[in-house]
Amino acid sequence: MEMAKTYNPSEFEKEIYEDWEKQGCFKAKVDAEKLPFTIVIPPPNITGQLHMGHALDETLQDTLIRFKRMQGYSALWLPGTDHASIATEVKIVEQMAKEGLTKKDVGRDGFLERAWAWKEKYGGRIIEQLKLLGSSCDWSRLSFTMDERCSRAVKEVFVNLYDKGLIYRGDRIINWCPDCKTALSDAEVEYVEEDSHLWYIRYQIKDTDDYITVATSRPETMFGDTAVAVNPKDKRYKGLEGKTLILPIVNKEIPIVYDDYVELEFGTGAVKITPAHDPNDFEVGLRHNLPVVKVLNDDGTMNDNAGHYSGMKALECREKVVEELKEIGAFVKIEPLHHNVGHCYRCHHTVEPIVSKQWFVKMEPLAKPAIDAVRKKSVKFTPERFSKIYFNWMENVKDWCISRQLWWGHRIPAYYCEDCGEMTISKEDVKVCPKCGGTHIKQDEDVLDTWFSSALWPFSTLGYPEITEDLKYFYPTDVLVTGYDIIFFWVARMIFSGIEHMQRIPFKNVLIHGLVRDSQGRKMSKSLGNGIDPTEIIAKYGADTLRFSLINGVAAGSDMRFSDEKLEGARNFMNKIWNASRFVLLNAEGKKILPIKDVKLTVADKWIITRLNKTVKDVTINMEKYEMGVALANLYDFVWSDFCDWYIEFTKPVLYGEDEVKTTETVSVLIYVLDKIIKLLHPFLPFITEQIYKNMPETNGFLMLSEFPKYETKQNYSVAVSEIETVKEIIKTVRNVKAKTGAAPSKKITLYVSTEKQSAIKAGISYIKKLAGVSEVKFIKDKSELTEKIISQVIDKAELYIPLGELVDFDKEIERIKKELENVENEIARASGKLANKGFLDKAPKALVEQERLKYDKFIDMREKLNKQLKDLT
RNA sequence: GGAGACGUAGCUCAGUCGGUUAGAGCGCUCGCUUCACAUGCGAGAGGUCUAGGGUUCGAGUCCCUACGCCUCCACCA
């Protein structure tokens with residue numbers, strides 16, 4: 001096979017993925033000989049389309065799992081999707097609306113039928129998109145939060161928690177979305193700052209002409225007022241104990257109560273208490289045994305308790321009530337108010353606090369061990385700072401409202417006997433009442449919060465509640481990769497669920513990444529229309545380019561800006577890899593490749609092998625720390641700068657020369673290094689590397705199943721490395737002089753060198769000639785041996801003299817030397833200052849002091865030479 | 001109100017345990033049709049590391065204060 005002249009990913013990505021899948025490369029086996037390494041995917045919603053957030057999340061996971069797989073672990077990346085209760089239900093309702101149908105029209109069974117059909121049709125879409133990215137998920141284990149296995153786990157957990165008294169049902173104030181018509185958990189409410197008003201209304205004290213003025217932001221809820229509260233310390237309201245107020249408009253009598261909750265400074269210091277529609281008022285109501293009067297319907301309209309406002313929308317009612325209060329003289333004043341208003345995280349409709357009967361998980365006993373697990377580092381967050389956010393939430397967590405008034409989801413396994421009223425909680429369907437034997441049984445209408453099932457994901461997907469081989473081998477999982485926006489919804493709940501039901505943490509590490517923003521730093525959103533479709537990028541640039549641009553140089557946990565420039569940079573790197581590989585493979589054609597140990601290594605060979613070894617080490621260490629951005633940046637630098645810009649250039653004099661033996665040896669080293677490069681790059685860039693691997697001589701099987709390079713600890717080529725560094729410096733210096741003086745780069749010059757270390761330069765003489773455009777290198781003792789006009793350059797350990805004839809501008813040269821001298825003087829001052837400092841000599845590490853001494857000597861030497869040069873010129 | 005980040009080149013960002021002459025990519029300037037690659041090669045310019053104080057032999061890095069910008073949590077009607 002021959003490599004195509006240009007990098008064209010669309011020609012091979014699909015085929016390679018199919019091959020991997022066909023050959024079972026993604027399948028993880030329970031293998032006692034190997035250590036397991038497990039990642040469960042954060043299950044994307046079945047309603048979802050792949051977006052950049054997914055692309056980042058999946059790329060990180062795929063990179064890790066491929067790395068571990070190549071390191072010899074039995075690596076399982078377990079994929080699946082989430083039924084996304086609210087999000088999906090909203091879509092089905094929308095779809096039905098187009099046909100003029102409502103949920104009521106089709107009924108529960110009819111609705112679920114449609115939902116399942118919808119899931120069959122669209123649920124797999126995102127899976128196909130994940131494949132385009134190159135995700136090496138074990139598709140044979142594909143799960144779904146509502147499949148049989150996960151549903152069984154949900155029932156098991158519900159019953160367990162209920163039996164332990166950790167699930168209860170009761171009338172509590174919850175967040176109600178009037179649009180979705182369901183309860184929401186606290187985490188599902190987003191607060192948005194809004195401008196509103198504070199209305200001051202006076203309530204008459206019964207049998208007097210006195211009034212108490214209350215301040216409220218929601219006048220329409222006054223019909224639900226069952227008291228007015230004041231602070232017991234408030235002197236303004238002394239002696240009102242036991243007095244009764246007349247609620248305006250409805251003329252209902254309500255008591256005055258004293259409660260610490262009331263702030264003295266805010267408003268008038270008197271608060272109307274509406275237990276049914278405010279969480280704080282609800283608490284006050286409990287403390288003072290106040291009745292709970294609801295005034296809102298589930299759709300956000302006023303109910304019959306609002307008298308003649310019944311049926312009106314809350315906001316409309318607000319205006320009308322204020323008007324009426326004005327008419328009857330109960331209105332005092334209005335003030336602007338800036339406050340936060342809760343909105344539904346799915347439909348963004350304003351959320352109403354409403355009292356209703358819901359199911360709750362008691363959080364305190366569950367949160368405690370989950371906090372300990374993170375505190376004791378059984379679960380580690382990367383970056384570490386996110387554990388603080390976790391603690392902050394967990395330590396103040398309230399009971400979790402888990403019932404939703406929806407149909408798409410896990411129906412709550414509570415059964416009510418219509419004959420005797422008995423409630424039975426059961427994993428199995430209940431047909432006969434265990435108490436009275438009655439057969440009129442009705443299951444609870446509500447379903448569970450989506451996050452209730454996702455909380456079980458790390459073990460429900462592995463077989464729980466059955467203790468399967470998979471569960472024993474792959475649990476606990478190793479790392480969970482997700483965005484910081486989902487720590488409360490999901491990460492926290494998985495941690496306490498794993499501890500509670502498996503008696504073990506669900507994962508050892510949590511790798512948190514940031515958001516992918518647009519080039520201006522804005523969140524990508526539908527409303528802004530600034531979203532980028534990853535599949536379009538893959539179609540245009542290929543998956544590897546996308547993966548590279550998402551990972552390279554990005555620090556864990558921080559947001560990133562995504563831009564065309566970034567993509568182009570990534571694409572250019574793919575092109576670089578492609579062409580460097582082509583160069584190596586074209587030169588290797590027909591050559592016998594020697595094992596590296598049979599090659600007589602040149603200094604350049606030793607240098608690149610040393611650099612390679614260092615890169616293997618850096619990449620490995622950074623991968624272990626989940627610093628994928630740093631690891632990939634290391635590789636980028638090594639491949640482009642060291643391998644392409646220097647080493648490949650070093651090989652050219654040999655490859656284009658006559659020496660057959662040397663050519664064979666050089667090609668062998670090139671192949672050796674390229675082989676390591678594509679292995680190192682493979683976790684990040686699976687397609688291009690696999691494609692190159694296909695073209696490598698003497699390979700079989702897949703690159704993705706090959707072994708990840710290991711680094712040597714004993715290797716010592718320090719002499720060669722320092723020689724090559726000197727050679728590089730000489731080449732750069734000559735190039736610099738040519739550029740500065742305007743000499744054509746192609747103009748061959750004779751290079752005179754004065755040095756005590758000729759061996760270094762002799763070893764690299766062919767490189768200097770080729771890469772610096774030098775015809776001859778001559779060693780001299782002193783500049784005085786030269787009669788031509790020259791430019792001299794001081795480098796570490798040597799002085800270079802470059803004759804350029806009439807081209808030399810001596811004034812500029814003097815200026816340059818002066819500047820250089822200034823630089824060196826600064827360094828000498830810095831170094832000598834350090835070395836004169838007793839504290840530094842005493843306390844700094846010895847190696848560092850020694851290093852500083854060497855530097856000092858070097859700069860002194862340079863100063864001497866520069867001064868001499870300056871003298872020669874003036 | 002509570003918490004957490006961030007502030008480094010024109011732009012986007014790295015900078016690991018406190019120790020290098022503070023780095024990269026893009027952009028910019030100059031030069032190059034060098035036989036893998038112009039999606040390239042070579043050479044450059046560009047920095048008071050937001051400001052001030054402290055700890056230290058030594059601070060871009062640790063601590064404090066201020067300013068600027070961002071995010072999360074809480075939710076006083």
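- The nucleotide B:A66 finds its pairing partner in B:U50, both defining distances of the Watson-Crick or G-U wobble pair being shorter than 3.5 Å.
- Between B:U20, B:A43, B:C75, one nucleotide has an atom nearer to the side chain of A:Lys732 than all others, and that is B:A43.
- At the phosphate of B:A36, OP1 or OP2 sits under 4.0 Å from a side-chain N or O atom of A:Tyr656.
- As rounded to whole Å, 20 Å separates atom P of B:U16 from atom CE of A:Met623.
- In B:C17 the O4'-C1'-N dihedral to the base is within 90° of 0, which defines a syn nucleotide.
- When distances are taken from the side chain of A:Thr216 to each of B:U21, B:A14, B:A77, the shortest belongs to B:A77.
- Comparing the P positions of B:G4 and B:C62 gives a spacing of 15 Å, expressed to the nearest Å.
- Among B:A77, B:C37, B:U21, the nucleotide with an atom closest to any side-chain atom of A:Lys858 is B:U21.
- Distances shown here put a side-chain N or O of A:Arg561 below 4.0 Å from the OP1 or OP2 atom of B:U12.
- Checking the phosphate oxygens (OP1, OP2) of B:C37, no side-chain nitrogen or oxygen of A:Arg582 falls inside 4.0 Å.
- Place A:Asn392 and A:Glu649 on RNA chain B by their nearest nucleotides, and A:Asn392 ends up nearer the 5' end.
- Rounded to a whole angstrom, the distance from the P atom of B:G42 to that of B:U34 is 13 Å.
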Step by step, work out the salt bridge (charged side-chain N to carboxylate O under 4.0 Å, His left out) result for A:Lys333 and A:Glu335. CA-CA 7 Å; A:Lys333 62 172 175 173; A:Glu335 275 180 0; 3.2 Å; yes

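- The nucleotide B:U34 finds no pairing partner, because no Watson-Crick or G-U wobble arrangement with both distances shorter than 3.5 Å includes it.
- Residue contacts shown for A:Pro845 include a base, since a base heavy atom lies under 4.0 Å away.
- Of all heavy-atom pairs spanning A:Tyr258 and A:Tyr237, the tightest one is OH-O, 2.8 Å.
- Atom CE of A:Met394 and atom C1' of B:A74 are 18 Å apart (whole Å).
- Taking the side chain of A:Lys398 as heavy atoms from C-beta on, and the options B:A74, B:U21, B:A36, the nearest nucleotide is B:A74.
- A cation-pi contact, defined as under 6.0 Å to the ring centre and within 45° of the axis, is absent between A:Lys728 and A:Tyr767.
- Within 4.0 Å (heavy atoms only), A:Asn837 reaches sugar-phosphate atoms of the nucleic acid but no base atom.
- Outside the 6.0 Å centre-distance limit, the rings of A:Phe643 and A:Phe650 are not counted as a close aromatic pair.
- Between B:G68 and B:C30, the distance separating the two P atoms is 41 Å to the nearest Å.
- Whole-Å rounding puts the A:Trp640 CH2 to B:C26 C1' distance at 12 Å.
- Residue A:Lys740 places no side-chain N or O under 4.0 Å from the OP1 or OP2 atom of B:G31.
- Look at B:G18: it lacks any Watson-Crick or wobble partner with both distances under 3.5 angstrom.
- In this structure, CG of A:Asp186 is placed 11 Å from P of B:C73, rounded to the nearest angstrom.
- Applying the 4.0 Å criterion to OP1 and OP2 of B:G40, one finds that A:Asn572 has a side-chain N or O inside that range.
- Distance from the side chain of A:Ala555 is smallest to B:A14 among B:A77, B:A14, B:A36.
- Among B:A5, B:C37, B:A77, the nucleotide with an atom closest to any side-chain atom of A:Lys388 is B:A5.
- A:Arg218 comes within contact range of no nucleotide atom at all, as no heavy-atom separation falls under 4.0 Å.
- Across all strands shown, the partner of B:C11 is B:G25, judged by Watson-Crick or G-U wobble contacts whose two distances both fall under 3.5 Å.
- Among B:U39, B:C72, B:A14, the nucleotide with an atom closest to any side-chain atom of A:Lys523 is B:C72.
- Comment: A:Arg830 engages A:Glu852 in a salt bridge, judged by a side-chain N to carboxylate O separation of less than 4.0 angstrom.
- In this structure, A:Tyr636 has its ring center closer than 6.0 angstrom to the ring center of A:Phe573.
- Contact between the side-chain N/O atoms of A:Trp646 and the OP1/OP2 oxygens of B:C41 is not found at any separation under 4.0 Å.
- In this structure, the nucleotide among B:U39, B:A77, B:C41 sitting nearest to the side chain of A:Val271 is B:A77.
- In this structure, B:A5 makes no Watson-Crick or G-U wobble pair, since no nucleotide meets both defining distances under 3.5 angstrom.
- For the residue pair A:Arg385 and A:Gly557, the shortest heavy atom distance occurs at NH2-O, 3.5 Å.
- In a base pair of the Watson-Crick type (N1 to N3 plus N6-O4 or O6-N4) or a G-U wobble (N1-O2 and O6-N3), with each distance short of 3.5 Å, B:U56 is matched with no nucleotide.
- You won't find any donor-acceptor pair under 3.5 Å spanning the side chain of A:Asn575 and the base of B:C37, going by distance alone.
- Contact annotation: A:Ser558 reaches the phosphate of B:A14 (side-chain N/O to OP1 or OP2, under 4.0 Å).
- In this structure, CZ of A:Phe650 is placed 16 Å from C1' of B:U34, rounded to the nearest angstrom.
- If you measure from atom CD of A:Glu565 to atom P of B:C26, you get 11 Å, rounded to the nearest angstrom.
- Atom CZ in A:Arg385 sits roughly 17 Å away from atom P in B:A3 (whole-Å rounding).
- In this structure, A:Leu586 places its CG atom 12 Å from C1' of B:C37, rounding to the nearest Å.
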